[in-house]
Amino acid sequence: MTRGVIFDLDGVLVSTDELHYRAWQSLAQQEGIDFDRRTNDRLRGVSRMESLHIILEQAPRTYSRQQRLSLADRKNETYRALLEGIGPADVMAGARELLAALTERGISVAVASSSRNARLILERIELLDRFDAVVDGNDVTRAKPHPEGFLTAAHRLGCRPEECLVFEDAAAGIEAARRAGMRVFGIGTPQRLPGVRPLAAGLAEVTVEQVLNAGEGTLS
Ligand code: B16
Ligand code: MG
């Protein structure tokens with residue numbers, strides 16, 4: 001049943017979410033915008049420009065299109081500087097083991113991330129060559145919750161959507177995977193992903209049997 005497994009990147013394979021938070025926080029401080037972890041939770045899995053749009057809801061002034069692009073660039077510069085500090089030790093627990101077990105069973109594996117920095121991150125954590133396909137924010141015109149990224153990943157794997165299982169940590173990504181007609185395994189807490197089943201705190205809790213046996217009736 002499961003021929004392809006598609007992994008979200010940030011929050012599933014590597015915890016770059018904290019670095020996104022620090023980079024946005026730095027920009028918000030410079031611009032005098034209120035920004036906290038509650039707002040940050042709304043940025044999970046959504047594109048850079050959509051994230052900026054959410055942050056600017058609290059802005060004391062308005063910004064032109066050109067100014068918004070420049071703010072997004074500034075955030076990305078800070079974020080990429082922070083990415084210099086990550087390496088193989090930052091791969092989330094259980095990820096390498098699950099990838100190896102899936103590959104051993106002949107399951108194709110892909111990454112579908114909203115991030116335009118996904119390949120750089122995968123290189124830095126030394127996982128890039130472990131995937132049969134990588135789809136990032138540069139490969140799609142419509143970000144999650146649009147299903148384009150997951151559909152592109154399935155196409156590159158040579159799998160039909162119903163043959164794919166997605167690991168996702170963000171509501172936007174879960175919606176995207178469901179709209180793509182794929183089964184979803186949530187990664188996170190019930191507070192953050194209410195109603196998502198199955199759900200695990202991290203990939204270390206997921207067995208290859210769960211992935212292989214995940215049928216239409218057991219996943220939603
Ligand atoms: P960038 P994912 C997403 O990655 C992040 O969760 C989200 O917070 C970020 O805004 C988005 O990538 C875009 O990232 O600014 O690097 O292009 O969870 O889809 O792997
Ligand atoms: Mg994510």
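Atoms within a ligand are numbered from 1 in the order they appear, just like the ligands themselves. These figures come from a predicted structure and were not determined experimentally. We number each residue from 1, following the sequence as shown.
Computed with the Mg ion (ligand 2) at the centre, the Asp169 OD1 to Asp8 OD2 angle is 80°, stated to 10 degrees.
Assignment of Ala170 to the shell around ligand 1 is not supported, since no heavy atom sits closer than 4.0 Å. Heavy-atom separations between Gly11 and ligand 1 are all 4.0 Å or longer. Ligand 1 does not have Glu168 within reach: every non-hydrogen atom of the residue lies 4.0 Å or more from it.
Nearest to atom 15 (O) of ligand 1 among the protein's heavy atoms is Arg48 NE, 2.8 Å. The nearest heavy-atom contact from the protein to atom 18 (O) of ligand 1 is Asp8 OD1, 2.9 Å. Shortest contact from atom 17 (O) of ligand 1 to any protein heavy atom: Arg116 N, 2.7 Å. Nearest non-hydrogen protein atom to atom 19 (O) of ligand 1 is Ser114 N, 2.7 Å. In terms of protein heavy-atom proximity, atom 5 (C) of ligand 1 is closest to Asp10 OD2, 3.1 Å.
Geometrically, ligand 1 and Tyr79 share no nitrogen or oxygen pair separated by less than 3.5 Å. Between Ser115 and ligand 1, an N or O atom pair is found at a separation short of 3.5 Å. Residue Arg44 places no N or O, backbone or side chain, under 3.5 Å from any N or O of ligand 1. At least one N/O-N/O distance between Gly45 and ligand 1 falls below 3.5 Å. At least one N or O atom of Asn117 sits closer than 3.5 Å to an N or O atom of ligand 1.
In the model, Glu148 has a side-chain atom that pairs as donor or acceptor with a side-chain atom of Thr141 under 3.5 Å. No hydrogens or angles considered: a donor-acceptor pair under 3.5 Å links the side chains of Asp10 and Thr16. For Arg48 and Ser114, the side-chain atoms include no donor-acceptor pair closer than 3.5 Å.
Around the CD atom of Glu209, the shell of radius 6.0 Å holds more than 12 heavy atoms that belong to other residues, nucleotides or ligands. More than 12 non-hydrogen atoms from other residues, nucleotides or ligands lie less than 6.0 angstrom from CD of Glu57. Counting heavy atoms of neighbouring residues, nucleotides and ligands inside a 6.0 Å radius, atom CZ of Arg61 exceeds 12 of them.
To the nearest 0.5 Å, atom CZ of residue Phe167 and atom CG of residue Asp8 are 11.5 Å apart.
Here is the list of ligand 1 atoms found below 4.0 Å of a heavy atom in Ser51: 10 (O). Near Ser113, meaning under 4.0 Å from one of its heavy atoms, ligand 1 places the atoms 2 (P), 4 (O), 19 (O), 20 (O). Of all atoms in ligand 1, listed by their number and element, those nearer than 4.0 Å to a heavy atom of Leu43 are 7 (C), 8 (O).
In summary, Arg96 and Glu126 do not engage in a salt bridge, as defined by a charged side-chain N under 4.0 Å from a carboxylate O.
Between Phe7 and Phe131, the ring planes are perpendicular. Angles over 60° get that label, and only those under 30° would be called parallel.
Note on Asp10: its N/O/S atom closest to the Mg ion (ligand 2) is O.
Contacts with ligand 1 closer than 4.0 Å are made by no heavy atom of Glu50, backbone or side chain.
In terms of modelled atom types and a separation under 3.5 Å, the side chain of Ser15 and the main chain of Gly11 share no donor-acceptor contact. Gln25 contributes no side-chain N or O that, together with a main-chain N or O of Arg22, makes up a donor-acceptor pair within less than 3.5 Å.
When the heavy atoms of Asp17, Val46, Val12, Leu9 are ranked by distance to atom 7 (C) of ligand 1, first place goes to Val46.
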Exercise for the section: Could you go through the side chain to side chain donor-acceptor pair (under 3.5 Å) check for Thr39 and Asp36 one step at a time? Expected result: CA-CA 6 Å; Thr39 306; Asp36 56 19; 3.1 Å; yes
